[in-house]
There are 2 protein chains.
Amino acid sequence: MQTERQREIIEAAIHLIHHKGIQGLTIKNLAQAIGVTEPAVYRHFENKIQILIAILDVFRGNTANIFEQEQFRQVSALEKITHLFNEHFSTFTTNPALASVVFSEEIFKNEPLLLDKIMSVMSGNMAILRDIIQEGQANEEIRNDVPAEHLSWMLMGTLRLYIKNWQLQQHTMNLKSEGKKLIHSLSRILLP
Amino acid sequence: MQTERQREIIEAAIHLIHHKGIQGLTIKNLAQAIGVTEPAVYRHFENKIQILIAILDVFRGNTANIFEQEQFRQVSALEKITHLFNEHFSTFTTNPALASVVFSEEIFKNEPLLLDKIMSVMSGNMAILRDIIQEGQANEEIRNDVPAEHLSWMLMGTLRLYIKNWQLQQHTMNLKSEGKKLIHSLSRILLP
DNA sequence: TGGATGTTAGTTAGTATGAACTAACTTTGA
DNA sequence: TCAAAGTTAGTTCATACTAACTAACATCCA
């Protein structure tokens, strides 16, 4: 279980990455952000890697759950996919800093442990999306002339690039409402 | 114009980023890679940022040109897009290190100058792709029920994620041949 | 109940390492 | 012969992390 301070540190770390990139995530900056001295941080985390691991767990908790929960809802495949996308746009609108971390595998490229973790979350999400598409194809709700695998690359790729662009534009566009239009186009493409 | 040594340094820098991430790009590693001592590097580049700028120029030269050259070929829009994708897969298969740099905006997040540069290349490429799609829509060669803007997000996003995945899998899959199948599915989706 | 003991979360003052970069000198090749 | 390209030996600064200590609080038991 996490203490209040640990949660505070993780939140500050995510914000640091968001605003200054991974190179801005230093223990000094982190300590400053929560208003203590550097060594105090080490009372709450053994080392910096443990902080990054904790960030990844927040990521898993937020993003992966969006996928997992969708999987078992009793609605059509297309509705699942639409809802999935909307949930993502909502989450990132509420917590833009999270998006910076989620789609930046580069951040974790150094530590193999971290890279493994982020890759397993990613491929898990992809598998769920593919299953939903396959289910839709079986119901003749989604086009069958293209492999589910390729459709899931397409959906996930579009989602990621769209969010990355929103980030690079410093959130000037309305991700939720513009996203709705994009989702509309994507579902049209999925139809048989 | 660039000297032989400068080209050698840039190539080594791209390889370092590829293998060790941006944090692996140090003057020390760079010097070691080309077989000289650290200060010798400064005979060829004023500072580290100039090296990163030079890397971005290589990127512009390789990737942006793929887009620009495509624009004016006398073939159908769909053929242009197919060719565009194949060219990318070829380029990155030949020079995998380049892909690491091209799709990692994080690397340049610190220096606003560099971020500006990479963003202008990106949005330029997107604009060209959108124009090609619009041309195809005008010819009734590409579906008209979805805005060209959204189709270009889709294509570019799919391309990027597919290549990123290939990277994360350490190039174990055959990007060129697997890519061909993906392209086939994507062109099917674009049809009216 | 209140002193002894332990714990939590912080401090100041450091270490070791590695980064970018520089000054001053030497080698080398057209 | 002299400029280009290299060297050695440094500087300065930032980083992750540690040692030693302390104030405030919690717990235990005679």
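Comparing B/R43 and B/N47 against DNA chain C, the residue whose closest nucleotide sits nearer the 5' end is B/N47.
Spacing between atom CD of A/E4 and atom P of C/dT8 amounts to 17 Å, rounded to whole angstrom units. Separating the CZ atom of B/R5 from the C1' atom of C/dT28 is a distance of 13 Å, rounded to the nearest angstrom. Regarding B/E46, its CD atom lies at a distance of 16 Å from the P atom of C/dA20, rounded to whole Å. Between B/Q50 atom CD and C/dA20 atom P the separation is 15 Å, expressed in whole Å.
Of all nucleotides in DNA chain D having an atom under 4.0 Å from a heavy atom of chain A, the first and last in 5' to 3' order are D/dT15 to D/dC21.
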Q. For nucleotides 13-19 of chain C, read 5' to 3', which letter fits each nucleotide if B means a protein heavy atom sits under 4.0 Å from the base, S means only the sugar-phosphate is that close, and - means neither?
A. B-----S
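Side-chain atoms of B/K80 come within 3.5 Å of backbone atoms of B/Q71 as a donor-acceptor pair (strictly under, hydrogens ignored). Under the 3.5 Å distance criterion, the side-chain polar atoms of B/N47 are matched with a main-chain donor or acceptor of B/Q50. Of the possible polar contacts, none joining the B/T63 side chain to the B/R60 backbone as a donor-acceptor pair under 3.5 Å is found. At distances below 3.5 Å, at least one donor-acceptor pair connects side-chain atoms of A/R143 with backbone N or O atoms of A/I189. Side-chain N or O atoms of B/K20 include none that pairs as donor or acceptor with a backbone N or O of B/L25 at under 3.5 Å.
Distances shown here put a side-chain N or O of A/H44 below 4.0 Å from the OP1 or OP2 atom of C/dG10.
Salt bridge B/R73/B/E79: absent, no basic N to carboxylate O contact under 4.0 Å.
Residues A/E140 and A/N144 bring no donor and acceptor atom of their side chains to less than 3.5 Å of each other.
If you look at A/H88 and A/F67, their ring centroids are closer than 6.0 Å.
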